[in-house]
Amino acid sequence: MSTPSTAIRPETGLLIIGASQAGVQLAISLRGTGFDEHITLLGEEDHRPYQRPALSKEFLQDTVGKENLIFRSQEYWDEHDIELVKGARIERVEKRPDGSGVAHAADGTEYAFRRLALAVGARARRLELPGADLEGVVYLRSADDALDLKSRLGDVQDVVVVGGGFIGLEAACSLHGMGKATTVLEYGPRLVGRAVGEDTSAYFLQSHRSRGLDIQLDARLARFLDDGEGRVTGVELEDGTVITAQLVLIGVGVIPNTELAEQMGLAVDNGIVVDRHALASDGTTVAVGDVANMPNPLPGAPEGERLRLESVNNAIEHAKIAAYSLTGRREEYAGIPWFWSNQADLKLQIAGLTLGYDSTVVRRDEAKGKFTVLYYRQGQIIAADCINAPLDFMAVRTALGKGQNIPAEAAVDASVQLKSITAERTVDRKVPA
Amino acid sequence: MPTIHYTDDTGTTVDVTAKPGDSVMETAVRNGVTGIVAECGGSLSCATCHVFIQEDQVEDLPPMSEMEDEMLYGTAVDREDCSRLSCQIKVTEDMDLHVTTPETQV
């Protein structure tokens with residue numbers, strides 16, 4: 001127990017709540033734009049700010065260590081007058097109309113600020129089913145989660161992964177690769193249903209099953225089973241099927257951390273509602289990254305279309321816009337969102353957003369294990385899922401960035417390089433978008 | 001101690017002492033070397049850690065994988081014969097590597 005103190009910190013120029021990818025990038029970008037006031041970066045965890053994507057992959061498999069995930073050395077923060085505070089949990093914020101205010105931490109510390117940024121991210125969605133609190137039912141969101149998971153693996157032979165999204169499949173591939181008999185239970189009719197189209201889902205299903213992962217679709221989990229002493233021994237489905245497991249990992253999506261914003265009276269709707277400048281409804285607080293519900297940044301997206309993006313690319317690009325916003329530059333967030341997921345030997349790269357697609361083209365090169373789905377809306381390419389096909393990914397991302405098209409008729413032939421059929425005004429890739 | 005010399009497109013050089021086993025990208029990012037973005041953290045997915053290797057040192061490095069080769073076709077500044085993705089180059093004990101970062105990575 002930490003003794004409540006009433007320490008009052010000197011006023012900082014910008015208080016960033018959340019040492020997430022977005023929070024860290026905001027601090028870095030502000031220094032790049034000439035912001036010279038003191039910056040305080042508050043992290044809730046007891047780790048220096050780190051990258052999350054490897055937690056379900058390289059870090060879990062022990063191919064990279066914790067130090068490799070650290071964003072910046074301590075010297076960097078010191079040299080740039082960015083104060084890093086670990087283990088700081090903010091419970092309440094009092095904000096004045098001019099943007100300044102005071103944030104109150106759980107330990108009693110008060111952080112006074114001239115401007116405030118919320119980079120509070122999202123947390124793992126919990127499954128509220130009988131037995132959910134059993135020892136051995138775990139989640140994977142933070143470094144501590146990953147360390148905990150690794151420490152449990154010793155005696156584990158059978159794993160159940162609940163959720164066939166990116167986190168679930170990445171972790172399942174990692175665990176399977178480490179010799180664990182792994183079963184993936186997906187509630188929906190296909191894998192990664194929220195992020196990719198049906199063809200890509202089918203490709204993942206076939207690939208993962210062929211490598212020995214047991215994947216069950218339309219799987220309705222009823223409860224977690226225990227050994228009578230509080231440890232999980234498996235799961236039971238609604239149809240009575242029992243699957244033995246000494247470890248159950250749940251990866252069923254995330255919930256944005258909007259509590260502080262709500263307490264502050266900011267508009268909240270599946271995330272903190274922000275405008276194209278990353279400004280929340282009070283006009284002074286910025287909110288960035290996973291927690292922000294923002295106008296669709298894709299150039300040419302329908303007016304009024306809003307979304308929340310959970311990705312590294314968005315955290316970085318959104319933070320840059322917020323940095324401009326805080327220094328008085330009125331740049332609007334526009335860009336081509338992209339995502340990646342590494343699952344065993346499958347490298348998925350997604351360019352663009354599939355919102356509103358009306359047709360697809362599938363390109364498949366069996367020999368090389370390349371598989372690409374191009375998404376079209378009224379004949380115009382809007383997105384692509386590319387598996388082990390970086391050339392396709394790069395071609396689509398570049399074309400989208402330049403507002404070009406890749407005609408569907410020509411793209412059907414998988415031996416044709418997409419770059420060569422891009423309907424373009426110029427062949428010079430150096431011309432900015 | 002291994003040293004990596006990062007020269008940006010304006011000719012300014014930063015020398016960074018590196019740790020064997022880390023990548024040339026990680027070394028740059030952790031020390032705040034500008035000119036390397038590394039969005040994907042080194043998982044060969046983004047091509048924003050592109051560097052040009054000093055020409056007489058290209059041959060000293062392990063060859064690139066097909067995936068790295070393909071990713072290099074998507075860099076913001078066009079690739080050259082001495083192009084590599086710095087996330088794929090591991091620092092070795094007595095490395096003294098000179099790299100130049102491109103004008104932009106995105």
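All heavy atoms count here, side chains included; hydrogens, waters and symmetry mates do not. Each chain gets a letter, A, B and so on, in the order its sequence line appears, and its residues count up from 1.
The part of B:E26 that comes within reach of chain A is its side chain, from C-beta onward, which places non-hydrogen atoms under 4.5 angstrom from that chain. Using a 4.5 Å cut-off between heavy atoms, B:E103 makes no contact with chain A at all. Contacts of A:Q74 with chain B are absent, with no heavy-atom separation under 4.5 Å from either backbone or side chain. Contacts of A:F71 with chain B are made by backbone atoms alone, with heavy-atom separations under 4.5 Å and no side-chain atom involved.
The two residues A:G352 and A:I336 have their closest heavy-atom pair at N-CG2, 3.8 Å.
The residue from A:R364, A:K368, A:K370 that alone fulfils the salt bridge (Lys or Arg N to Asp or Glu O under 4.0 Å) condition with A:E366 is A:R364. The residue from A:E45, A:E170, A:E58, A:E310 that alone fulfils the salt bridge (Lys or Arg N to Asp or Glu O under 4.0 Å) condition with A:R52 is A:E45.
A donor-acceptor contact shorter than 3.5 Å links the side chain of B:T48 to the backbone of B:E39. A donor-acceptor pair is defined here as one N or O able to donate and one able to accept, closer than 3.5 Å; such a pair exists between the side chain of B:D8 and the backbone of B:T10.
Looking only at heavy-atom pairs under 4.5 Å with chain A, the residue among B:T104, B:L44, B:T34, B:V37 that has the most is B:L44. For the set A:I316, A:V312, A:N313, the entry with the most heavy-atom pairs within less than 4.5 Å of chain B is A:N313. Put simply, of A:R397, A:Q349, A:E75, the one with the most heavy-atom pairs under 4.5 Å next to chain B is A:Q349. Chosen from A:G32, A:A395, A:P390, the residue pairing most often with chain B at heavy-atom distances under 4.5 Å is A:P390.
Aromatic ring centroids of A:W338 and A:F393 lie under 6.0 Å apart.
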